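Quick caveat: nothing in here was measured; it's all calculated off a predicted structure. Letters A, B, ... mirror the listed sequences (proteins, then strands); counts begin at 1.
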2 protein chains.
Amino acid sequence: MKKIIKQYFNVAVSVDNVVFGFDADGLKVLLISRGSEPFPGSWALPGDLISPEMDLEYSAERVLKQLTGLDQLFMEQIQTFGRVDRHPFGRVFTIAYFALIKVEQYHPQASSWAKDVAWFKVTEIPTLPFDHREILEYARRELKNRIRTQTLVFELLPKYFTLTELQFIHESILEEEFDVRNFRKKTLSSGIIEETGKLQKNVTHRPAKLYRFNASKAKQLDFEGGIL
Amino acid sequence: MKKIIKQYFNVAVSVDNVVFGFDADGLKVLLISRGSEPFPGSWALPGDLISPEMDLEYSAERVLKQLTGLDQLFMEQIQTFGRVDRHPFGRVFTIAYFALIKVEQYHPQASSWAKDVAWFKVTEIPTLPFDHREILEYARRELKNRIRTQTLVFELLPKYFTLTELQFIHESILEEEFDVRNFRKKTLSSGIIEETGKLQKNVTHRPAKLYRFNASKAKQLDFEGGIL
DNA sequence: CCAAAAGTGTTTAAATTACACCCATGG
DNA sequence: CCATGGGTGTAATTTAAACACTTTTGG
């Protein structure tokens with residue numbers, strides 16, 4: 001028993017969060033500027049070693065909150081990365097999560113050892129330490145899959161949104177274009193988004209109708225897949 | 001740095017493998033009878049603590065080989081489980097993998113601390129220790145998803161198989177029935193399975209044609225999804 | 001000749017794709 | 001009145017679903 005502890009209970013576990021956000025110029029990822037070893041000064045996924053006393057799910061939320069102030073986000077586990085040499089301090093397994101955020105409604109702020117925090121377009125990511133690049137690419141693929149098979153696109157949109165935004169977000173994530181009329185027909189016929197009667201304000205063109213996701217209708221219809 | 005080591009490098013990581021097999025009476029899972037603490041004598045998923053010197057992927061293969069003799073199987077990571085109290089010896093994160101096996105072509109044998117090894121129908125699983133029940137159910141759901149989105153059903157079938165077997169395996173995994181004619185139309189039209197000219201032998205009814213998966217054709221067609 | 005599973009086509013309904021013009025607003 | 005993005009319908013094609021009888025073999 002003592003031998004077992006010595007032989008096996010000597011590794012560490014971390015979580016790394018891939019936080020996706022969405023705004024007028026497309027899909028973004030939240031990175032922090034590291035203020036401690038290893039790799040101080042470099043942009044990286046908000047992640048940290050986790051303490052043995054907390055459940056895994058909760059640890060992921062806590063790390064994110066500690067580094068960025070973000071809380072109460074939609075989060076799901078994606079994959080664990082365990083290459084022997086992925087961390088310079090020793091053997092660290094990292095469990096990657098992704099989180100989806102309504103950019104307008106939260107204001108991430110660096111805290112703890114994070115010196116800064118910023119959104120980066122997914123097409124303009126700087127060099128990342130550890131295997132964070134690999135984790136990010138994996139997360140992007142998973143987001144593609146899950147946007148098609150789960151009803152989670154609304155986690156990225158504000159409460160009121162236009163169909164054009166809904167289409168643009170799908171196009172950004174799936175890296176594919178859709179026909180405007182077919183897209184509208186399909187999404188509206190799902191029965192899970194509804195008109196609000198409101199219109200866009202202060203736009204220099206015909207104002208678009210604002211829609212909202214009807215979660216209770218979705219539940220009632222047993223709607224669980226993607227909207228496309 | 002020393003503090004960090006003391007504070008974080010004191011947990012363990014294990015892998016647990018959910019090995020799916022398929023034969024005439026349906027979908028099976030391979031379990032071992034545990035010959036060591038904790039839970040000696042109980043049936044469990046073949047899994048074990050892993051050593052800090054090996055890559056994660058390789059650890060999963062190695063644990064499976066050590067306990068059951070099985071090697072060179074198709075394996076994929078599914079999810080990591082990290083409830084604080086899931087292991088009585090301390091904080092153990094476990095990374096679950098699933099493996100798919102052609103039952104006819106391998107003969108699992110208990111070794112190391114596994115005292116026995118046996119196939120159990122997925123509908124007749126005994127009580128399992130740790131959170132193995134939860135892991136198994138998660139693996140079944142993942143298998144359902146992946147059978148529809150990846151070309152992996154052939155990992156469970158022998159080299160030569162009948163279309164009835166192909167249909168039965170889909171029905172077993174997806175827990176859903178399909179129309180014979182529609183099933184055959186769809187699978188054959190995929191272009192990735194081919195007749196071999198061979199027939200079943202020693203059956204007490206009209207012998208079925210034997211087909212085989214044409215992997216190079218699949219690659220050529222960029223066929224990546226499920227066959228249904 | 002019987003039992004048991006293999007094998008085979010057509011019709012209907014539903015979903016997907018392709019495609020082009022007018023509308024409402026602010027400046 | 002112009003620029004900008006919002007908004008709309010129909011026909012053609014493809015895909016999915018429903019459905020019942022004949023064939024081949026071994027015993």
Expressed in angstrom and rounded to an integer, what is the separation of [X] atom [atom1] from [N] atom [atom2]?
X: Lys201(A); N: dA24(C); atom1: NZ; atom2: C1'; result: 15 Å
X: Phe183(A); N: dG7(D); atom1: CZ; atom2: C1'; result: 14 Å
X: Glu177(A); N: dT16(C); atom1: CD; atom2: C1'; result: 18 Å
X: Lys198(A); N: dT25(C); atom1: NZ; atom2: P; result: 17 Å
X: Phe178(A); N: dT8(D); atom1: CZ; atom2: C1'; result: 20 Å
X: Leu199(B); N: dA5(C); atom1: CG; atom2: P; result: 17 Å
X: Leu188(A); N: dG7(D); atom1: CG; atom2: C1'; result: 11 Å
X: Gln200(B); N: dT25(D); atom1: CD; atom2: C1'; result: 11 Å

Do [X] and [Y] sit within salt-bridge range, that is, some charged N less than 4.0 Å from a carboxylate O?
X: Glu175(B); Y: Lys144(B); result: yes
X: Glu134(A); Y: Arg83(A); result: yes
X: Glu176(B); Y: Arg148(B); result: yes

Distance below 4.0 Å between Thr164(B) side-chain N/O and dA5(C) OP1 or OP2: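 It does not, given that no N or O in the side chain of Thr164(B) lies less than 4.0 Å from OP1 or OP2 of dA5(C).
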Distance below 4.0 Å between Arg184(A) side-chain N/O and dG7(D) OP1 or OP2: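 Yes, Arg184(A) has a side-chain N/O under 4.0 Å of OP1/OP2 on dG7(D).
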I want to verify a distance call: between [options], whose nearest atom is closest to the [X] side chain?
X: Val180(B); options: dG26(C), dT8(C), dA4(C); value: dT8(C)
X: Pro207(B); options: dC19(D), dA6(C), dT25(D); value: dT25(D)
X: Arg206(B); options: dG7(D), dG27(D), dA6(C); value: dA6(C)
X: Asn182(A); options: dA18(C), dG7(D), dA24(C); value: dA18(C)
X: Ala208(B); options: dT16(C), dG6(D), dA6(C); value: dA6(C)

Candidates Asp16(B), Val122(B), Leu31(B), Val18(B) - the one meeting side-chain contact (heavy atoms from CB on, under 4.5 Å) with Leu136(B):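 With Leu136(B) as partner, side-chain contact (heavy atoms from CB on, under 4.5 Å) holds for just one option, Val18(B).
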Donor-acceptor pair present, Arg181(B) side chain and dA17(D) base, under 3.5 Å: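 Not at all, since no donor on one side and acceptor on the other fall under 3.5 Å apart.
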Check: Lys185(A) side chain, dT10(D) base, donor-acceptor under 3.5 Å: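 Such a pair is found, so the answer is yes.
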Sugar-phosphate, base or nothing in reach of Asp179(A), heavy atoms under 4.0 Å: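 If one applies the 4.0 Å heavy-atom cut-off, Asp179(A) turns out to touch a base.
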Side-chain heavy atoms of Phe120(B) within contact of Lys28(B), under 4.5 Å: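 Result no, sub-4.5 Å side-chain heavy-atom pair not found.
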Comparing His205(A) and Glu165(B) on DNA chain C - which has the more 5′ nearest nucleotide: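 It is Glu165(B), whose closest nucleotide lies nearer the 5' terminus.
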